[in-house]
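Just so it is clear, the structure is predicted and the values come from calculations on it, not from any experiment.
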Amino acid sequence: MNPLDGSGTPRHEEAADRPYSQGAWARFSSWLECVCVVTFDLELGQAIELVYPQDVKLTEKEKTSICYLSFPDSYSGCLGDTQFSFRLRQSVGRRESRFRDDVYNKDAPVTLQSLVLVSRLPYTRLFYSLLQIIAPEFFEKLEPCLEAVCNEINQWAAPTPGLTLNLPVMGVILQVRIPSKTDKPGGSPIRQPATENILPAPMLLPTIHELDLFRCFQSVLIHLQMLWELTLLGEPLVVMAPSPTICSETVLALISSISPLKFCCDFRPYFTIHDSEFREYTTKTQAPPNVVLGVTNPFFIKTFQNWPHIIRLGEMKMAGDLPKQLKLKKLSKLKTLDTKPGIYTAYKTFLHKDKILIKRLLKGIQRKRPSEVQSAILRRHLLELTQSFIIPLERYMASLMPLQRSVTPWKTPPQIRPFSQDEFLSTLDHAGPQLTSLLRGDWMGLYRKFFRSPNFDGWYRERHKEMTQKLESLHLEVICDADLLGWTKDKSEVEIVDLILKLREKLSSEAAAAGQRRSCKQTELFHRISHRIAATRPADGSSHALRTWTWFW
């Protein structure tokens, strides 16, 4: 399964208006970009044998990346069935996707023959389950099976956040719930509605994207706090593992460890020397980029010697065993290809370890507590830790919003106050993370370093955008409730025309900026303002200013 990176893609708003966006594969494309069959020839190497639907045009760069990333590295020693994730950049200039990711993101919270699902959605667990169903049948019946599966997927309802869907494929019905930003963190898994009577009984997937965190982190539990901080700060990090499955799941687990905060750096669950970004990520002429890479080739030990944080993993043990915890080691010891498992870094954590959590999880291993329960404990801890960190930021950001009474219909809305790092830090003594977290340490130092990370920049931009939209909506509501005709009675013609021009410009710019993403509330406000202006037009059109008004509307 390959979540296709959308960076550098053309605007999807334009794509929605083109004929092919409503074409024969419109529903299919809301789930998958395409399905690829990649074969391996001992003389020619990897090659894409089939792309379905056939009208999907991949660039040569994309084809090359998919070919090399679809097969485990020769050093990984993978035998039998193997499933793993990788991520690649979409080439600039390729035809726009049919998938309207702007609409989706508005409510969302990635053998010798290989079957590859290419998607923009990060639904790892769902796509793993889908491959487990279709791959055995495909390798027996080949293309006819693939065509039938794609036609079934093309009948699925779109992945709308908040909905529970039944997805039929090859005689099996997968029941899934699409995550929504309104979901309560750590909520209960989906339940089948009592009113439905479906035969055959659906296969319920409790989650479509969450991994088994405990399985991924069980050998690094004593360093969990450090790994959370490295991910939060967007530090350059390499995960070296014996297989693509282990490294890709570990990378994805690291990214999810700071949820609900969005990870705004690049990450590659599986990365090889053939990747098109290999030179970009391995150059020694500049500092390592803010990216998390998962690799299996020991060659990277030498290549990444200048990287500040490297995790070398061994084979994962079953949850019932007591795994040996990896030790912290100096980067200077990372020299030979047979480097032992460990975490090679000079990083010093800002916060203290949660020893109670570690003891609880290690005791759970001894008592053979189910991995699902261990993962739930771990996920809850990481969620509460991230929320404790982000709540003070959210609270301070909200204080930068202008007061509602300062928004008037006759003036431009007041500006959102700029974010002051020093002012924020001064609030921590009485409204800091210590109110919700028992962890002690240098929270202020952690915030200071977080301010220099891409994750803070991404968080701030998104919050500022949301607040700006809210401010604009408040302004429109005030305009709707204003007595426009009463205001014009004692105003000069120039003032009236100026107001009309500003209102017209505001509505036009708002409509252009929001486009199809405009909310129902915004649409209602636009109609209300238009009707209100139309209702205030005089019948005789005696004034030049009011004639101008009439002409505009």
Side-chain angles (χ1 to χ4, degrees), residues 7 105 109 181 185 223-238 251 254-267 281 286-293 306-309 343 345-354 381-402 414-471:
S7 58
N105 289 338
K181 64 169 60 174
H223 306 299
L224 190 63
Q225 178 62 44
M226 181 186 68
L227 297 178
W228 177 83
E229 288 187 19
L230 291 176
T231 308
L232 177 75
L233 300 174
E235 287 285 307
L237 181 62
V238 177
V251 169
L254 286 169
I255 303 309
S256 69
S257 69
I258 63 170
S259 178
L261 185 67
K262 182 179 180 181
F263 186 77
C264 297
C265 307
D266 196 5
F267 62 97
Y281 288 153
Q286 58 188 27
N290 300 96
V291 61
V292 181
L293 299 179
N306 64 321
W307 279 52
H309 320 290
I343 301 179
T345 181
Y347 181 81
K348 302 297 183 182
T349 60
F350 288 93
L351 306 182
H352 303 155
K353 294 179 181 179
D354 191 331
H381 167 79
L382 293 170
L383 173 63
E384 292 176 351
L385 180 58
T386 304
Q387 286 180 326
S388 293
F389 180 83
I390 210 70
I391 284 175
L393 285 165
E394 295 281 359
R395 185 185 295 116
Y396 172 73
M397 194 70 185
S399 72
L400 304 179
M401 186 77 167
Q415 296 294 308
I416 298 169
R417 289 200 300 119
F419 191 103
S420 169
Q421 296 182 13
D422 291 336
E423 185 181 38
F424 165 74
L425 292 174
S426 69
T427 67
L428 295 182
D429 287 340
H430 63 274
Q434 70 277 4
L435 299 181
T436 54
S437 176
L438 297 177
L439 282 186
R440 296 292 177 260
D442 185 9
W443 285 97
M444 193 170 293
L446 184 60
Y447 280 113
R448 288 188 186 278
K449 192 158 187 178
F450 178 68
F451 290 146
R452 301 193 295 269
S453 75
N455 288 334
F456 169 72
D457 185 64
W459 171 83
Y460 175 74
R461 288 175 182 271
E462 185 63 27
R463 291 293 291 115
H464 193 275
K465 178 182 175 182
E466 292 173 357
M467 291 169 66
T468 301
Q469 291 174 345
K470 183 177 180 180
L471 197 57

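With sequence neighbours excluded, the residues forming a salt bridge (charged side-chain N to carboxylate O under 4.0 Å, His left out) with Arg461 are Asp457, listed by chain and number. Residues that satisfy the ring pair (Phe, Tyr, Trp, His ring centres under 6.0 Å) test with His464, not counting sequence neighbours, are Tyr460. Remark: Tyr281 engages Phe271 in a ring pair (Phe, Tyr, Trp, His ring centres under 6.0 Å) (not counting sequence neighbours).
Looking at Leu233 and Leu446, their side chains come closer than 4.5 Å, going by heavy atoms from C-beta outward.
In this structure a side-chain-to-backbone donor-acceptor pair under 3.5 Å is missing from Asp266 to Val291. Looking at Arg463, its side chain never comes within 3.5 Å of a backbone N or O of Met397 through a donor-acceptor pair.
Within the structure, the side chain to side chain donor-acceptor pair (under 3.5 Å) test picks out the following pairs touching residues 345-354 (sequence neighbours left out): Glu229-Tyr347, His309-Thr345. Applying the salt bridge (charged side-chain N to carboxylate O under 4.0 Å, His left out) test to residues at least two apart or on different chains, none of the pairs has a partner in residues 427-447.
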Table please: side-chain donor-acceptor pairs of residues 255-265 below 3.5 Å, with sequence neighbours left out.
residue : atom : partner : partner atom : Å
Ser256  : OG   : Leu252  : O            : 3.4
Ser256  : OG   : Ala253  : O            : 2.9
Ser257  : OG   : Leu254  : O            : 2.6

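With salt bridges taken as basic N to acidic carboxylate O contacts below 4.0 Å, none links Lys465 and Glu462.
Side-chain N/O atoms of Trp459 and Glu394 include a donor and acceptor closer than 3.5 Å.
Aromatic ring centroids of Phe419 and Phe456 lie under 6.0 Å apart.
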